[in-house]
Every structure is written in C-alpha cells, then in structure tokens.
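Naming convention: chains lettered A, B, ... in sequence-line order (proteins, then strands); numbering from 1 in each chain.
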There are 2 protein chains.
Amino acid sequence: MSEVQIITEEQKKAARYAKAMGHPIRIYVLNLLSKQSCCYSGDLTDELPVAKSTLSQHLKELKEAGLIQGEIEAPKIKYCLNKDNWEEAKKLLSNMFDS
Amino acid sequence: MSEVQIITEEQKKAARYAKAMGHPIRIYVLNLLSKQSCCYSGDLTDELPVAKSTLSQHLKELKEAGLIQGEIEAPKIKYCLNKDNWEEAKKLLSNMFDS
DNA sequence: ATATTTGTTCGTAAATAAACGAACATAATG
DNA sequence: CATTATGTTCGTTTATTTACGAACAAATAT
C-alpha cells in the first residue's frame with residue numbers, strides 16, 4: 001500500500017485554488033472581496049456582463065473551491081471570503097513564488 | 001468606441017496565469033523550476049505519471065501562458081522560468097492577497 | 001393572495017482541457 | 001547510412017468549462 005507520491009497534497013491544493021482563480025470573473029469577485037469584506041451577488045450581476053445564471057455558477061465554483069462563502073440575508077445572499085482557506089491559498093501560492 | 005471596462009487587463013492577466021497554474025502537474029513543474037533554475041523535460045517524464053505526450057502538452061501550456069521557456073540543448077530541451085513573466089505573475093497574484 | 005425580487009437549478013450547446021498511443025521530426029551516435 | 005534518444009504533433013476519446021435562457025424556489029412586499 002506504499003505509494004510514492006510525486007505530486008504532494010500541497011501541490012494539489014495549490015492547483016485547486018489556482019484553477020478556481022483561473023477566470024477573469026472569479027478574479028474580479030475575489031479582488032472585490034479582498035478589499036471590501038463582503039458583497040451581494042445582485043450587485044455583481046449588475047456590474048458584470050454575464051447572465052445571472054452564469055455568475056451563479058462562478059460563485060458556486062468559488063464556493064466549492066472553498067475560497068468564498070455565502071450567507072443568506074433574505075432575499076439576498078451575502079458573500080465573503082472564507083478566511084481560513086483564503087489564507088491557505090495565499091500561503092500555498094506565495095510559496096510558489098519565493099526563492 | 002468608448003467601452004466601460006469592468007474587468008481590467010490586470011485581472012485578465014492574473015486569471016490567465018492562475019489558469020496556467022491550475023493543474024497539479026503544472027504546479028509541480030513550476031515549483032521545481034522556482035527552486036532549481038532549470039530542468040530537462042526528460043527528467044520530468046521519468047518522474048511524473050503521465051505519457052510524454054501529455055507532459056509535452058502541459059509544458060506547451062506553461063510556455064503559451066509565458067511562465068516558462070524552453071531552450072534547445074540537443075537532443076534535449078532545457079526549460080526554465082520566464083523570469084519577467086514569472087515576476088509579473090507573482091506581482092499580480094500577490095496583489096490578490098494583500099490588504 | 002398575488003406579485004415582485006433574488007438566486008439557483010436544469011437543459012442545452014459550443015468550446016476547451018486532459019489523456020493516450022502512434023506517427024513524425026531532429027539531432028546525436030555508432 | 002542506420003540507429004538511438006528526445007520531444008512534438010496528430011488523431012481520437014472523454015470530461016470539464018463556459019455560457020445562455022427558461023423554469024423553479026423562497027421570501028418579501030403589495
């Protein structure tokens with residue numbers, strides 16, 4: 001049962017986060033949330049040139065990657081960063097670049 | 001001809017780099033190159049559990065994203081980071097995380 | 001009770017990504 | 001010149017991503 005792990009779990013995680021960040025709209029959202037603590041997806045729908053269903057999918061991906069979290073504030077949904085995972089992503093991706 | 005640019009060029013670039021980093025194999029390669037200045041793709045083929053054609057495609061993607069560059073050292077090919085773009089990626093992605 | 005607001009989910013289509021082996025190219029070696 | 005070593009490209013298959021509108025769900029407002 002001994003498996004030589006060439007690619008580490010950390011590298012897989014880093015790739016997972018990077019992948020979630022690999023679209024302009026998702027970068028935009030993360031960028032916003034890193035500056036302003038939270039936002040409503042309705043605001044994003046107004047600003048961004050995509051259908052609300054498309055935006056919803058992008059937000060879902062960010063959620064599934066663990067980078068953001070949504071909180072119901074009926075009838076709206078308030079989104080903010082998932083701080084723990086955001087920190088982890090920062091650490092993992094920053095590590096890529098130093099040295 | 002005036003276009004309101006919601007998503008900036010910088011955000012597009014950041015997404016482009018992140019996307020290129022969005023696969024474990026590509027993270028592995030970048031990780032290696034950030035530590036050891038260069039490598040030969042043959043070495044990677046030996047280490048990594050993918051067909052050489054698959055690896056070749058991943059390297060091509062990293063090249064097309066501008067993150068690495070290859071130099072012929074016949075009959076091998078030596079790969080290293082594209083330092084300028086690597087710095088740019090570092091800057092753009094780091095910016096995401098600070099503040 | 002109906003209508004409105006706000007998002008998600010579904011169904012679909014088109015594009016891109018991921019992987020493999022076979023075939024090909026190129027240059028060094030025998 | 002034939003062989004070997006090293007990678008890329010091609011053709012193919014399968015899976016994932018991206019995008020849209022329509023339909024649906026849930027809660028608030030009229």
Side-chain angles (χ1 to χ4, degrees), chain A residues 6-7 11-33 38-82, chain B residues 6-7 11-33 38-82:
Chain A
I6 304 302
I7 293 177
Q11 287 171 330
K12 287 181 192 168
K13 276 190 195 174
R16 182 79 179 80
Y17 287 131
K19 189 176 184 181
M21 295 169 70
H23 190 286
I25 287 183
R26 298 196 291 268
I27 285 283
Y28 177 90
V29 172
L30 292 172
N31 224 186
L32 191 66
L33 288 180
C38 71
C39 73
Y40 296 92
S41 70
D43 303 343
L44 298 172
T45 309
D46 295 342
E47 294 165 21
L48 293 169
V50 288
K52 60 181 178 168
S53 56
T54 303
L55 179 64
S56 184
Q57 281 195 98
H58 284 300
L59 293 173
K60 189 179 179 184
E61 279 187 61
L62 288 174
K63 248 184 292 179
E64 285 174 356
L67 290 175
I68 68 172
Q69 57 202 161
E71 186 184 335
I72 296 174
E73 213 167 87
K76 297 186 179 184
I77 295 179
K78 189 175 79 174
Y79 283 103
C80 32
L81 293 178
N82 179 319
Chain B
I6 304 300
I7 293 177
Q11 287 172 329
K12 288 182 193 170
K13 275 190 195 174
R16 181 81 177 81
Y17 286 132
K19 189 175 184 181
M21 294 170 69
H23 190 286
I25 287 182
R26 299 196 292 266
I27 285 282
Y28 177 90
V29 172
L30 292 172
N31 224 186
L32 192 66
L33 288 180
C38 70
C39 73
Y40 295 91
S41 70
D43 304 341
L44 298 172
T45 308
D46 295 342
E47 294 165 20
L48 294 169
V50 288
K52 61 180 178 171
S53 56
T54 303
L55 179 63
S56 184
Q57 282 195 98
H58 283 300
L59 293 173
K60 190 179 178 184
E61 279 187 62
L62 288 174
K63 248 184 291 178
E64 285 174 356
L67 290 175
I68 68 172
Q69 57 201 163
E71 186 184 334
I72 296 175
E73 213 167 88
K76 298 186 180 185
I77 296 180
K78 188 173 79 173
Y79 283 103
C80 32
L81 292 178
N82 178 318

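- Rounded to a whole Å, the CG atom of A:Leu55 is 17 Å from the P atom of D:dT17.
- Closest to the side chain of B:Val50, out of D:dT18, D:dT8, C:dC20, is C:dC20.
- Between B:Cys39 and B:Leu44 the shortest side-chain heavy-atom distance falls below 4.5 Å.
- To the nearest angstrom, P of D:dT17 lies 15 Å from CD1 of A:Ile25.
- The separation between A:Tyr28 atom OH and D:dT18 atom P is 19 Å, rounded to whole Å.
- We find that CD of B:Gln57 is positioned 14 Å from C1' of D:dT14, with the value rounded to whole Å.
- Within the 4.5 Å cutoff, the side chain of B:His58 has no heavy atoms near those of the B:Val29 side chain.
- A straight line from OH of A:Tyr40 to C1' of C:dT5 spans 15 Å, rounded to a whole angstrom.
- Rounded to an integer number of Å, the gap from A:Glu71 CD to C:dG7 P is 13 Å.
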Sort me out a list of protein N/O and nucleotides 23-30 of chain C N/O pairs below 3.5 Å, or just none if empty.
none

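- Between the C1' atom of C:dT9 and the CG atom of A:Leu59 lies a distance of 14 Å, rounded to the nearest Å.
- Taking the side chain of A:Glu61 as heavy atoms from C-beta on, and the options C:dT8, D:dT18, D:dT8, the nearest nucleotide is D:dT18.
- Between the P atom of D:dT28 and the CD1 atom of A:Ile77 lies a distance of 13 Å, rounded to the nearest Å.
- Ranking C:dG7, D:dT16, C:dT8 by closeness to the A:Lys19 side chain, first place goes to D:dT16.
- In terms of modelled atom types and a separation under 3.5 Å, the side chain of A:Arg26 and the main chain of A:Met21 share no donor-acceptor contact.
- A ring pair (Phe, Tyr, Trp, His ring centres under 6.0 Å) check over residues 60-79 of chain A, counting only residues at least two apart or in different chains, returns nothing.
- Cation-pi check for A:Lys76 over A:Tyr40 is met; the charged atom lies under 6.0 angstrom from the ring centroid and within 45 degrees of its normal.
- Among D:dG21, C:dA19, C:dA22, the nucleotide with an atom closest to any side-chain atom of B:Ser53 is C:dA22.
- Along DNA chain D, the nucleotide nearest to B:Ser41 and the one nearest to A:Pro49 differ in position, and the one closer to the 5' end is contacted by B:Ser41.
- For A:His23, no side-chain nitrogen or oxygen approaches OP1 or OP2 of D:dT16 to under 4.0 Å.
- Applying the 4.0 Å criterion to OP1 and OP2 of C:dA19, one finds that B:His58 has a side-chain N or O inside that range.
- Counting only heavy atoms from C-beta on, B:Thr54 has its side chain closest to C:dC20 among D:dG7, C:dT8, C:dC20.
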